[in-house]
Q: 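There's a structure below that I have some questions on.
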Amino acid sequence: MHSADTANRKTAGPWVEVDLAALCENFAMLRRATPGAETAAVVKCNAYGLGLAPVAQALATRENCRTFFVAYAEEGAQLRAALSSSAPNASIYVFVGPLPDTLDAFDDAGLIPVLNNADQVRRWISHKPGAPCALHVDTGMNRLGASVDDLSELAALSDLNVDVLMSHLACGSEPDHPMNSEQRTAFEKAAALFPKARRSLAASAGALMDASYHFDLTRPGIALYGGSPFDVDDGRIKPVVSLKAPIVQMRMLAPGETVGYGATFTAQTPTAIATVALGYGDGYPIAGSNRAFAAIAGERAKFAGRVSMDLICLDVTGFKKPPQVGETAEFFGETIGLFEAAQACGTIPYELLTGLGGRVDRRYV
Ligand SMILES: *Cc1c(COP(=O)(O)O)cnc(C)c1O
């Protein structure tokens with residue numbers, strides 16, 4: 001994942017390296033895993049924190065991805081602009097659907113709404129009768145989506161042109177959870193009312209489950225970005241993102257001395273501490289304090305003391321090669337997996353990636 005270009009770039013603070021080739025390999029892997037279905041890319045939340053434009057452009061130009069999902073209309077407008085030369089005709093779906101004051105954004109950027117309830121359906125068909133849309137049917141998650149009880153009434157509306165019927169799994173992170181097949185059955189029943197619509201049930205988890213979850217269109221997000229959608233790591237997914245930061249100070253502690261706010265780490269023996277320029281202000285969770293690991297030149301170092309806003313201290317006692325100021329510490333990437341880092345912080349890869357702050361430089365390799 002190292003290029004000379006990236007390695008030579010000097011910085012005072014943290015950065016992420018986004019491996020766009022690995023992103024594209026994950027897209028291709030998901031496509032191979034779901035033969036017969038189209039693979040879309042979910043690029044909401046700034047492509048899970050990695051940068052909307054570079055991610056979408058890479059998928060459009062290298063993998064010929066032509067269908068994208070975002071959460072909000074504003075994200076759709078940004079995506080349309082980002083794809084203006086690489087994929088001007090891409091289909092951009094907006095999960096939250098049209099709200100009274102976002103209808104204009106749908107028109108201006110040529111966005112396709114995901115309609116989530118009867119109100120949104122009425123709003124859309126009175127705005128643009130017969131214009132294509134997706135319809136989200138709730139099959140048990142009770143978050144977004146039209147109730148199954150409303151579907152026959154909606155199916156009878158002649159101005160409603162459903163081109164994708166979708167639903168979302170509540171327990172995809174546990175493939176054996178009984179709710180998955182219950183939702184699939186409810187979804188198939190709903191789909192029978194919309195025979196012309198393409199069917200979409202699978203996010204990353206569903207795409208990596210058996211073929212009965214694949215249907216016509218899949219909507220992976222996290223697996224594109226190197227994160228497992230499951231409660232365990234998944235070897236089919238290539239790492240995409242590395243979070244790195246420079247060591248800004250080295251210090252030796254005598255036994256009994258402490259580290260950081262609250263003095264929560266006490267040296268038991270002579271202890272070498274490396275202080276690194278990354279903190280919770282950059283999105284690294286404070287829950288990693290005294291628990292998580294980083295790696296310096298491939299050697300693992302445990303966090304010593306509490307994560308602070310701009311700094312994290314690492315216990316590098318006994319390192320084969322004593323770390324130097326200016327050397328790079330990796331918080332996830334080649335040595336420390338994204339899944340491991342998320343677990344050490346009591347969170348999930350999704351939150352770790354999307355939480356990366358604005359101060360973290362995004363570099364594309
Ligand atoms: C975010 C989202 C996805 C993508 O989910 P991943 O688990 O990241 O693959 C797909 N569908 C809907 C409705 C979503 O909200």
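Since this is a predicted model, take the numbers as computed values, not measurements. Start at 1 and go down the list; that is how both ligands and their atoms are numbered.
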Q: Report the nearest protein non-hydrogen atom to atom 1 (C) of ligand 1: residue, atom name, distance rounded to 0.1 Å.
A: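 So the nearest neighbour among protein heavy atoms is K44 NZ, 1.4 Å.
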Q: Looking at ligand 1, is there an atom of it that comes within less than 4.0 Å of some heavy atom belonging to M166?
A: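 The answer is yes, since M166 has a heavy atom less than 4.0 Å from ligand 1.
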Q: Going by the order shown, which atoms of ligand 1 are within less than 4.0 Å of some heavy atom of P220?
A: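 The list of qualifying atoms is 9 (O).
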Q: If you measure every N/O of H136 against every N/O of ligand 1, is any gap under 3.5 Å?
A: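 N/O-N/O distance below 3.5 Å does not exist for this pair.
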Q: So, does T102 use its side chain to make a donor-acceptor pair with the main chain of P98 at under 3.5 Å?
A: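 Answer holds: no.
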Q: Taking only distance into account, with no hydrogens and no angle test, what donor-acceptor pairs under 3.5 Å do side-chain atoms of residues 248-268 form with protein atoms, sequence neighbours excluded?
A:
{"unit_1": "E257", "atom_1": "OE1", "unit_2": "A254", "atom_2": "N", "d": "2.7"}
{"unit_1": "T264", "atom_1": "OG1", "unit_2": "N290", "atom_2": "ND2", "d": "3.0"}
{"unit_1": "Q268", "atom_1": "NE2", "unit_2": "T266", "atom_2": "O", "d": "3.2"}

Q: Just wondering, more than 12 heavy atoms not from E153 lying within 6.0 Å of its CD?
A: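 No.
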Q: Can an N or O of I222 be found at a distance shorter than 3.5 Å from an N or O of ligand 1?
A: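 N/O-N/O distance below 3.5 Å exists for this pair.
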Q: Check the side chains of E38 and T67 for a donor-acceptor pair under 3.5 angstrom, ignoring hydrogens and angles.
A: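 E38 and T67 do have a side-chain donor-acceptor pair below 3.5 Å.
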Q: Give the table of side-chain donor-acceptor pairs shorter than 3.5 Å for residues 70-84, with sequence neighbours excluded, one pair per line with atom names and distance.
A:
{"unit_1": "E75", "atom_1": "OE1", "unit_2": "A71", "atom_2": "N", "d": "2.8"}
{"unit_1": "E75", "atom_1": "OE1", "unit_2": "Y72", "atom_2": "N", "d": "3.0"}
{"unit_1": "E75", "atom_1": "OE2", "unit_2": "C45", "atom_2": "N", "d": "2.8"}
{"unit_1": "R80", "atom_1": "NE", "unit_2": "A109", "atom_2": "O", "d": "2.7"}
{"unit_1": "R80", "atom_1": "NH1", "unit_2": "P88", "atom_2": "O", "d": "3.2"}
{"unit_1": "R80", "atom_1": "NH1", "unit_2": "A90", "atom_2": "O", "d": "2.9"}
{"unit_1": "R80", "atom_1": "NH2", "unit_2": "A90", "atom_2": "O", "d": "3.1"}
{"unit_1": "R80", "atom_1": "NH2", "unit_2": "G110", "atom_2": "O", "d": "2.9"}
{"unit_1": "S84", "atom_1": "OG", "unit_2": "A81", "atom_2": "O", "d": "3.0"}

Q: Select the closest option to atom 12 (C) of ligand 1 among F95, Y225, Y93, judged by heavy-atom distance.
A: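 Selected option, by shortest heavy-atom distance: F95.
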Q: Given that the side chain starts at C-beta and the backbone is N, CA, C, O, which of these parts of M141 lies under 4.0 Å from ligand 1, counting heavy atoms, or is it both or neither?
A: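 No part of M141 comes within reach of ligand 1.
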Q: Applying a 4.0 Å heavy-atom criterion (strictly less than), which segment of R219 is in contact with ligand 1: side chain, backbone, both, or neither?
A: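 Both the backbone and the side chain of R219 come within reach of ligand 1.
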Q: Test the R198-F215 pair against the cation-pi criterion, namely NZ or CZ under 6.0 angstrom from the six-membered ring centroid and within 45° of the ring axis.
A: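 No; the conditions do not both hold, so R198 does not lie above the ring face of F215.
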Q: Under a 3.5 Å cutoff, is there a donor and acceptor pairing between the side chains of D149 and S147?
A: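 S147 and D149 do not have a side-chain donor-acceptor pair below 3.5 Å.
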Q: Would you confirm whether R362, through its side chain, and V360, through its main-chain N or O, come within 3.5 Å as a donor-acceptor pair?
A: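 Confirmed, R362 side chain pairs with V360 backbone.
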Q: Which atoms from ligand 1 have a heavy atom of R143 less than 4.0 Å away?
A: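 Result: 15 (O).
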Q: For atom 5 (O) of ligand 1, which of the options A203, P229, A134 provides the nearest non-hydrogen atom?
A: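 Among A203, P229, A134, the closest heavy atom to atom 5 (O) of ligand 1 comes from A203.
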Q: Within ligand 1, which atoms have a heavy atom of Y48 less than 4.0 Å away?
A: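 This gives 1 (C), 4 (C), 5 (O), 6 (P), 8 (O) as the contact atoms.
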Q: Looking only at heavy atoms, is any part of F69 under 4.0 Å from ligand 1, and if so is it the side chain, the backbone, or both, or is it neither?
A: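 No part of F69 is near ligand 1 at this cut-off.
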